[in-house]
Each structure stands twice: as C-alpha cells, then as structure tokens.
Amino acid sequence: MSIATNEVDSAPSHFIRNIVVEDRERNKNGGRVHTRFPPEPNGYLHIGHAKSICLNFGIAAEFGGLTNLRFDDTNPSKEEVEYVDSIRSDVRWLGFDWGDREFYASDYFDRLYEFAEKLIDKGKAYVDDLSADQIREYRGTLTEPGRNSPFRDRSVAENLDLFHRMRAGEFPDGSHTLRAKIDMASANLNMRDPVMYRILRTAHHRTGDKWCIYPTYDFAHGQSDSIEGITHSLCTLEFEDHRPLYDWFIEQLEIHHPQQIEFARLNLTHTVLSKRKLLQLVQHKHVAGWDDPRMPTLAGIRRRGYPPEAIRAFCERIGVAKRNSTVDIAMLEHAVREDLNRRAPRVMAVLRPLKVVLTNYPEDRVEQLDAVNNPEDPSMGTRNVPFSRVLYIERDDFREEPPKGFFRLSPGKEVRLRYAYIIKCEEVVKDPNTGEVVELRCTYDPQTKSGSAQSGRKVKATLHWVSAAHALEAEARLYDHLFAAESPEDIAEGEDWTKNINPNSLETLSSCRVERLLADAAPGTRYQFERMGYFTVDRDSSDKMLVFNRTVTLRDPWAKIEKGQKK
RNA sequence: UGGGCGGUCGCCAAGCGGUAAGGCCCCGGACUUUGGAUCCGGUAUCGAAGGUUCGAAUCCUUCCCGCCCAGCCA
C-alpha cells in the first residue's frame, strides 16, 4: 500500500468506488483498475485538482491498480513547460507516484492522425472549408437543429487528400478543419459534427514545429485514455455531454473502451478555483505569485505550510458525488490543524512583544526551564527554555481595562507564565507622549515554579513568553482568507469579483521574538507557536531574518467571544 | 422553449423499500500550566404535491428549483 492511502482507516463509500467494486465483481477488464490524472499544462494545480488526484491515484491504489500522469497538451498556444514542471512536482509533493508512466497527448499525435484517416476512410469524417463563424452559424442553437455543411459530402479520396494537405501546411490557419460526420440535428450539440483537427501554426512545447494541425481535446482525450488502457476515466461533470461523442469515436475506431464517470468538481468558500481567475490574481499582482501562501494552488498551500497528509485527509472526507457543492474552507483548515496538532513541535514565540520586568527577580539570574515539545506525543521529548528578569509577552495578553471574560493579565492580576512562575502585574509604564503601554512591572512568586510542590495554585490563564536577552528576532506573515466574502464570485451586475479581495489578507509583523532553537529551522519546517497557531519557515528565511508563515491559527474561542462583544 | 445532470441538517455527505450514518460549523458542559488538544451532550423526516405499499428519502406520476452545453478551449 502506498503512503498515500494507508492513513485513511476506512475509506467512506462513494458512487465511483461502488462502480469500481461492481466492475471487479463482474470481472470487467479482468478486474484491472487503471486510472489517469490528465491535466492541461496551462496553469498551476490547485486544491480542486487535489481532489481529482487523490481520487484517481487513491482508487487505483486501493484495488492494486495503476495511475498515469498524462498531460493533455493539445493546444500549444496555451501550454508551457513551466506548467508541466510545476504539475509534476505538485503531484509528487501530494504523495503520489506515477512511476515511468508520464505521458502526453502529444505522444499520440501520430496515432491520432491515423485514427483520423481511418474515420475518413469509413466516411465518418470530412474536411470542411467553413470558417469558424460559419461553423457556428451552421451549428444551430439549443432549440433549433443545425444544417449540414456544403462540404459534408466530399468523397473519401478528396477528404483524404485535403487532410494530408492540411498537415502538409498548404492551407492557412483556420481555413479548414476536419470534422466528424455525425448528426447536425442532434439534441446534443457535441454531436453536431464536432471539429477533430484545426490548423494552428504554433510551436508545441514537445513536438516543436512537426505539426501545423492539432487534434482538439475532444478528439484526443478519449483516444488517449484508450491507448493507455485506462479502465475508468474519471472527469468532471461538464464532460457528461461529451461522453456520447467519446463513445462514438471509440466505437467507430473499434479500440479499447474506457468507462467515463463524471463527478462534481470541488468549490471552496472564501477563494476562487478557476484557472482564469487565479491567473488574473497573479498577473494583476493581487498576490505575489503562483506560490503566494494565500493562493489555493498546491504551490501556495505548500509554502503556507499545509501538509500533504492533511490535504489527502481533506479530500477523503469531502467525498465524491455528482451534486454541485461548495465546501466550507473551515473543513480544510480543520484537516490542517488536526494533522499539525499531532505532529508539530511546540515552541514559544511572541508576535507582538510587550516588555515585562520582574522586579523581584535577580538581575543576572537565568534559569533553564523544562518545556514539553508536544503534549500529544511524549516521544518528542522536552527542551530547556531560558527564563530571566526581562521578558516579552504577547501584547494582546495584557489589558489595562479587562473586558468581561478576559482572564489574562491586567493591573493587579495574576497569570502563570508557561513552564515558569505565576506573576502579578504591579505597575504599568506608559509612554508619556503617546500613552502607549511600553512596559509592565511585575513580581513573580518563587513558590510557584512549574513542577514544584507548591505550584498547584490555580490561576485563570497561562501565557507564553520569551526571555528578552535570549530570544531571536523574527518576521511573521499572518495570512487570512484571500476573499472576505464567502462566495467571491457572487457579485452584482457590473461589479468585478476582484472587489471581494480581502485587503487584510496579509499582515506582516517584523519584530517578533522567538525561541533561539528556531535559528536552525529549515524552510518548510512546521511548528506550533503556543497559543498563536501553526507556523512554517518560509523560503525567504535567512540568517539575517527568520521568516515564518502562519499556516493556520489555533481555534480561539476568546477571539470569537470578543468579536461578538464588539458588535 | 432542446439535451444532459442534480436537489437528504447552516456546509460536505452516507443511504438503493423496513422506519434518517459520519465529518465540518454552531451551542452547552467536563477536563486542562496552550481560552489548544481531549471527552461528553444538543440540533434534519429527506425540493413540493399526489399515488403504490403493512411500511418510502428509497418505487410511480406531476410540478418546482439549481447546474452544464451553441470554442477551430480544456
């Protein structure tokens, strides 16, 4: 079993799995299960693709089958190698392996060309001289049948000759097409003599200038699946109408017949998942790039710190069905927290530092305190954290005038410092000009050292902290949903969806203080900053400045209460 | 008004004639040196209306609502 599937104890049933089970019971395809993930290399993969990847690789692995990675590169004008490289690394990062079965629709251009000739031979395809506009006119509408092209009844010999000359480059772009001869009156528009080949003088990222005609996706996709011996061609709902066409090609060609099954694509709240819109976000600099941690791309999610295991668990949990749906992004975030809670080492980091001086603690004294690395996993051990007279605590953990329900630090009140002592706020020092609180003067109770006999006194809150003299400075990038609106694409007439971009989706804090051991953390390493959230070392991090991405916050009931009070 | 596909809790989603799983969110409460985690408990009669049946979310009929299709995009 692959690492990708063994973490899910019992895979929930869904209709595609049921179909596969039935197919195997009937010994269809000799019980073989062979799927493929067929992206077009014209953009970066996103969380929606992850659903398809997990489905395709997951269902095959579950039944001892294989999954191919196939690039559907039939339109050279939109496709680039940058994208195939990113797709490869994203699929690998997600945890899946396609072995040596990396294919391209362009690998099959010769075969496809022969298939086209065969259809011409059978009188099932013809070269059309109609322009794109004319083809559209002849196609009819949803409620009216189309009309036959005047070129529909050319002889086989003439069609063959014309098709060869198309390939030979005798005609200008767009002047001719090869069309399937099916039924211009079909209620299914896809069956109204769809275009199989178009003339396009654009260099292809793999085949170079070899071809000036390219098969359409509709003519290439099904046959590519067939050539690869795919048993179950899983695709999204919008291709349901195309299935009769793909079946028609396969039957006319008398080749292996994969079974196409359609499922609903993933939609997520507070984000967009269309390639066009993601491209726009990048090109118009609404984000820093495809791997901006706010992007729903796998590259972005990875940089943000989402673990692949969490993505897989999420994909398993959302299920597979035919109903259009939009999953609450909270479900994704939950999967991330669940995974990181188990695995991320805990560390103390103060994001917005407030100086605390313990007036009754000796100037030059430093204690090494014992701290647990992960309460969920004792095997992760403990570490020493230095404690001294001058500390930093989180600014949000002090309120001069505490609201109802606030049980952190305020004048005259006590709290525990995690792994250390109970302290009491004796004095608030303010900047005489601005009135801003700049320092707290507190006393500590030596009797309350963590773990000691008399440490049992209860206080309402425990704060994280860092020793001023020992801490390292760091930058933290706090991310929020890229879109404040739940459904950013729901907009009024004349409005632009980009108006829903959350202006506060990124907040950069540059004077954070963190435990010294974070100095050696490699990019991509994930931690829990106690009480603040999960953070991941960014690739921008250096000796000069440590940089952390907030992957996801911790659940924070107090923040919720306070938000409610303000309203 | 053509064709295809859907409509089960706020959001996902099981269920396939025998009397509504689960997860997320939310609300209580227990526990807690992370207001974290964990643990308990709470919340639907299945788009509507008829019908068949001892019995229907599951079968039939009609209706309503949503999504997709008129690229030489995928």
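All of these numbers come straight from a predicted model, not from anything done at the bench.
The aromatic rings of H242(A) and F239(A) sit perpendicular to each other, their planes meeting at more than 60°, with 30° as the lower class boundary. Note: Y83(A) and Y44(A) have perpendicular aromatic rings, judged against thresholds of 30 and 60 degrees for the angle between ring planes. The aromatic rings of Y197(A) and Y113(A) lie perpendicular to each other, with more than 60° between the two planes, well past the 30° mark.
Residue-level contact check: R342(A) touches neither bases nor backbone, having no heavy atom under 4.0 Å from any strand. No engagement by G146(A) is indicated, since no non-hydrogen atom pair under 4.0 Å with the nucleic acid exists.
You'll find that the side chain of V195(A) is closest to C72(B), out of C72(B), A13(B), A70(B). The listed nucleotides are C67(B), U34(B), A74(B); the one nearest the side chain of N324(A) is C67(B). The side chain of W558(A) sits closest to G35(B) out of G35(B), U33(B), G7(B). When distances are taken from the side chain of T141(A) to each of A74(B), U34(B), A70(B), the shortest belongs to A70(B). Of the candidates A13(B), C73(B), G36(B), the closest approach to any side-chain atom of N341(A) belongs to G36(B). Side-chain atoms of D72(A) lie closest to A74(B) of the nucleotides C69(B), A14(B), A74(B). The side chain of P375(A) approaches G36(B) more closely than any other nucleotide in the set A13(B), G36(B), C72(B). Taking only side-chain atoms of H242(A), from C-beta outward, the nucleotide of U34(B), C68(B), A74(B) with the closest atom is A74(B). Side-chain proximity of R418(A) to C73(B), U34(B), A70(B): nearest is U34(B). Nearest nucleotide to the side chain of V327(A), out of G6(B), A14(B), C12(B): C12(B).
One donor-acceptor pair, N or O on each side, does fall under 3.5 Å between the base of G3(B) and the side chain of D241(A). At a cut-off of 3.5 angstrom, counting only N and O atoms as typed in the model, there is a donor on one side and an acceptor on the other between the side-chain of S450(A) and the base of U33(B). For E376(A) against G36(B), a side-chain N or O and a base N or O form a donor-acceptor pair under 3.5 Å.
Closest-nucleotide positions on RNA chain B for R198(A) and F406(A) were compared, and the one nearer the 5' end corresponds to F406(A). The nearest heavy atom of RNA chain B to L237(A) and to R531(A) marks one nucleotide each, and the one closer to the 5' end goes with L237(A).
Using the Watson-Crick or G-U wobble rule with both distances under 3.5 Å, C5(B) pairs with G66(B). When both pairing distances are held under 3.5 Å, C26(B) makes a Watson-Crick or G-U pair with G42(B). Both distances falling under 3.5 Å, in either a Watson-Crick or a G-U wobble arrangement, occur for no nucleotide opposite A56(B). In this entry G17(B) has no Watson-Crick or G-U wobble partner, no candidate having both defining distances under 3.5 Å.
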Going 5' to 3' through nucleotides 15-26 of chain B and flagging B where a protein heavy-atom sits under 4.0 Å of the base, S where only the sugar-phosphate is that close, and - otherwise, we get SB------BSSS
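Dense packing is recorded around CZ of R152(A), with more than 12 heavy atoms of other residues, nucleotides or ligands lying under 6.0 Å away.
U8(B) sits 9 Å from U45(B) when the C1' atoms are compared, rounded to a whole Å. Comparing the C1' positions of G28(B) and U43(B) gives an interatomic distance of 12 Å, to the nearest angstrom.
Relative to the six-membered ring of Y126(A), R179(A) misses at least one condition, a distance below 6.0 Å or an angle of at most 45° to the axis.
Contact between the side-chain N/O atoms of R323(A) and the OP1/OP2 oxygens of U8(B) is found at a separation under 4.0 Å. Proximity of K460(A) to the phosphate of G35(B): no side-chain N or O atom is located under 4.0 Å from OP1 or OP2.
Of the residues in residues 171-188 of chain A, those placing a heavy atom less than 4.0 Å from an atom of RNA chain B are G174(A), T177(A), A187(A), in numerical order.
When the salt bridge (charged side-chain N to carboxylate O under 4.0 Å, His left out) test is applied to R276(A), no partner is found at least two apart in sequence or on another chain.
Across all non-hydrogen atoms, the minimal contact from I318(A) to M331(A) is CG2-SD, 4.3 Å. Closest approach of N374(A) to R343(A), counting heavy atoms only: ND2-C, 3.9 Å.
Salt-bridge annotation for D225(A) and R70(A): present, with a side-chain N of the basic residue lying under 4.0 Å from a carboxylate O of the acidic one.
H464(A) and E394(A) share a side-chain donor-acceptor pair at under 3.5 Å.
A donor-acceptor pair is defined here as one N or O able to donate and one able to accept, closer than 3.5 Å; no such pair exists between the side chain of R165(A) and the backbone of G169(A).
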